[in-house]
Amino acid sequence: MRAAIVLAAGLGTRMRSDMPKVMHCIAGRPMVNHLLDAAVRVFDRVVVVAGPGMDALAQAVSPHPVAVQEDRLGTAHAARMAAPLLAGFDGDVAVLYGDNPLVTEPTLRRLVEARDGADLVLMAMRPADPAKYGRLVLDAAGQVERIVEWADATDAERGIGLCNAGFLCAAWPRLSRWLERVRADNSKGEYYLTDVVALARADGAATSFVEAEEGELRGINSRVELAAAEAELQAILRRRAMEGGATLTDPTSVTLAWDTRLGRDVVVEPNVVFAPGVVVEDGATVRAFSHLERCALRRGAVVGPYARIRPGSDVGEGAHVGNFVELKATVLGAGAKANHLSYVGDATVGAGANIGAGTITCNYDGAAKHRTEIGAGAFVGSNTSLVAPVRVGARAVTAAGSVVTQDVPDDALALGRARQVNKPHRGMSSRGMGSRGK
Ligand code: UD1
Ligand code: CA
């Protein structure tokens, strides 16, 4: 049995935020959830250490149990808070930092597997710019002697390129004892998890480390580092989408979410944003400047340019959604079209129906939302206002400019506009203007 303690209580002062640091999102979800995704593949149990009142965090990490660190006295102190939840556990425990979200399953696996050769294993990296990371001080035999935090390091120690990525792993009975012995005797007055190394050595324990790429191990302490992690992850997601058979004509301008699913022969034009929960089936096209969230595009559908597809929408096989069209919680049947300047919300649109330019579903009466149903093969004339709840029957037609307040039977034509009246000789000439210039 293996367990992980995920430290997530830090406020991340440098984020200058009212939100816990690990709740900031990359690719559309909190960084702690990225880490948990990798962790659950390697560890049988996960315990999260949160700060007091971090209810949204507790919810985000559910069903993993949460230990609360009332006073944020440092990483070793935080790890200690998990002890009651691990009482009696005698397997290996890894301590993971919630602000290191990009680590992958294979890397975590290497960390725990290296326990075969040492009592305490650390995760290390050689970042291009070691900045303020803790440094690994090795002995002559290549074992880790101690970690020195940047703030407490001498100039020579700051010159070391091998940095502490923050994760470590040891048998819990020993690790918990080392944690209890950590003292807050450093420049910041904090209980450093990193001090466990020197305590382990004093105990005669063998220490080792495994290395991984900086890209996976970067810690996020500021908005600038958050953006760097976002860029790193976007590059991974775009590559994965292209390797899966999607064409991204200008990959760097496309923003993907962690769970975006693009099928084969999907084409995504420049400047498209995928918020979480989007599935695009094979052969569908998302044209430039579109924004999609929690929706599905079925095979061969085409949306955009400038389309907004909001949560709960399902664009049917071969259906078209054109420029400046917004769909919200709307199911568009196969081959249906809404090509220009429309708002269609809380609606079902039958197969092959045509929604004319400027159509609006008036779904909100100021208090509640109401549904609009449009039957298969219906033709909704341009600039129709559909005052919901309302139903337009199959193959029915609404005249352009209609305000439809009553259901329209199948196959009927609805005219819901003022009748036009033509007054002869009342044009411009009758206003003494038509003769000007004569
Ligand atoms: C830590 C390491 C440093 C390493 C770096 C890698 C220590 C003392 N230093 O520094 O050697 O190079 O990570 O990214 O461990 N947290 C709590 N409670 C606390 C303090 C922190 O839960 O009281 C959590 C934070 O939410 C964060 C994680 O622990 O997720 C790491 O803390 P942070 O303050 O970011 O440590 P660093 O200064 O980055
Ligand atoms: Ca950090």
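Start at 1 and go down the list; that is how both ligands and their atoms are numbered.
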### Summary
Atoms of ligand 1 under 4.0 Å from any heavy atom of G134, numbered from 1 in the order shown, are 3 (C), 4 (C), 11 (O), 12 (O)
### Task
Report the distance from atom CZ of R308 to atom OG of S290, rounding to the nearest 0.5 Å.
11.5 Å
### Task
Report the C-alpha distance between Y364 and D346 in whole Å, list the side-chain angles of each, state the deciding distance to 0.1 Å, and finish with yes or no for side-chain hydrogen bond (donor to acceptor under 3.5 Å, both in side chains).
CA-CA 10 Å; Y364 185 49; D346 301 310; over 6 Å; no
### Message
Please determine whether side-chain contact (heavy atoms from CB on, under 4.5 Å) holds for the pair F274 and R261, giving the CA-CA distance in whole Å, both sets of side-chain angles, and the decisive distance to 0.1 Å.
### Response
CA-CA 10 Å; F274 293 92; R261 277 161 46 203; over 6 Å; no
#### Entry: Within 6.0 angstrom of R240 CZ, more than 12 heavy atoms from elsewhere
no
### Query
Quick one: does ligand 1 sit under 4.0 Å from the side chain of L73, the backbone, both or neither, non-hydrogen atoms only?
backbone
### Summary
Heavy-atom proximity to atom 11 (O) of ligand 1, picking from E149, R14, K21, points to E149
### Query
Would atom 22 (O) of ligand 1 count as contacted, meaning some protein heavy atom under 4.0 Å?
yes
### Message
How long is the straight-line distance from CZ of R299 back to CG of D265, given to the nearest 0.5 Å?
### Response
10.0 Å
### Nearest-contact summary for atom 30 (O) of ligand 1 - protein heavy atom, Å
L7 O, 3.1 Å
### Query
Looking at V279, V278, V286, V280, which hits side chain to side chain contact (heavy atoms under 4.5 Å, CB included) with L262?
V280
#### Entry: From R174, R181, R183, residue fulfilling side chain to side chain contact (heavy atoms under 4.5 Å, CB included) relative to L199
R181
### Message
Counting non-hydrogen protein atoms only, what is the nearest one to atom 4 (C) of ligand 1? Give residue, atom name and distance.
### Response
N164 O, 3.2 Å
### Message
Only heavy atoms of A165, strictly under 4.0 Å: list the atoms of ligand 1 that pass.
### Response
6 (C), 14 (O)
### Query
Looking only at protein heavy atoms, which one is nearest to atom 1 (C) of ligand 1, and how far off is it?
Y97 CE1, 3.5 Å
### Query
What are the atoms of ligand 1, with element, lying closer than 4.0 Å to any heavy atom of N221?
35 (O), 39 (O)
### Y97 near the Ca ion (ligand 2): N/O/S under 3.0 Å
no
### Close side-chain approach of L122 to T207, heavy-atom, < 4.5 Å
no
#### Entry: Point-to-point distance, once rounded to the nearest 0.5 Å, from CG of D203 to CZ of R177
6.5 Å
### Task
Would you mind finding which of V32, T75, L122, D99 brings a heavy atom closest to atom 7 (C) of ligand 1?
T75
### Query
In Å and rounded to the nearest 0.5 Å, what is the CE to CG distance from M19 to L57?
10.5 Å
### Query
Has C163 got any heavy atom lying under 4.0 angstrom from an atom of ligand 1?
no
### Message
With the threshold set strictly below 4.0 angstrom, can you tell me whether any protein non-hydrogen atom sits that near atom 34 (O) of ligand 1?
### Response
no
### Task
Select one of side chain, backbone, both or neither to describe which atoms of H77 lie under 4.0 Å from any atom of ligand 1, heavy atoms only.
neither
### Summary
Note: OD2(D99)-the Ca ion (ligand 2)-OD1(N221) angle, rounded to 10 degrees, equals 80°
### Identity of the nearest option to atom 20 (C) of ligand 1, non-hydrogen atoms only, from A8, A78, G74, A9
G74
### Query
Are the charged groups of R126 and E211 less than 4.0 angstrom apart, N to O?
yes
#### Entry: Identity and separation of the nearest protein heavy atom to atom 18 (N) of ligand 1
Q69 OE1, 2.7 Å
### Heavy atoms from other residues, nucleotides or ligands near CZ of R201 exceed 12 (cutoff 6.0 Å)
yes
### Query
Can you find a protein heavy atom closer to atom 38 (O) of ligand 1 than 4.0 Å?
no
### Summary
Residue, atom and distance of the protein heavy atom nearest atom 16 (N) of ligand 1 read G10 N, 3.8 Å
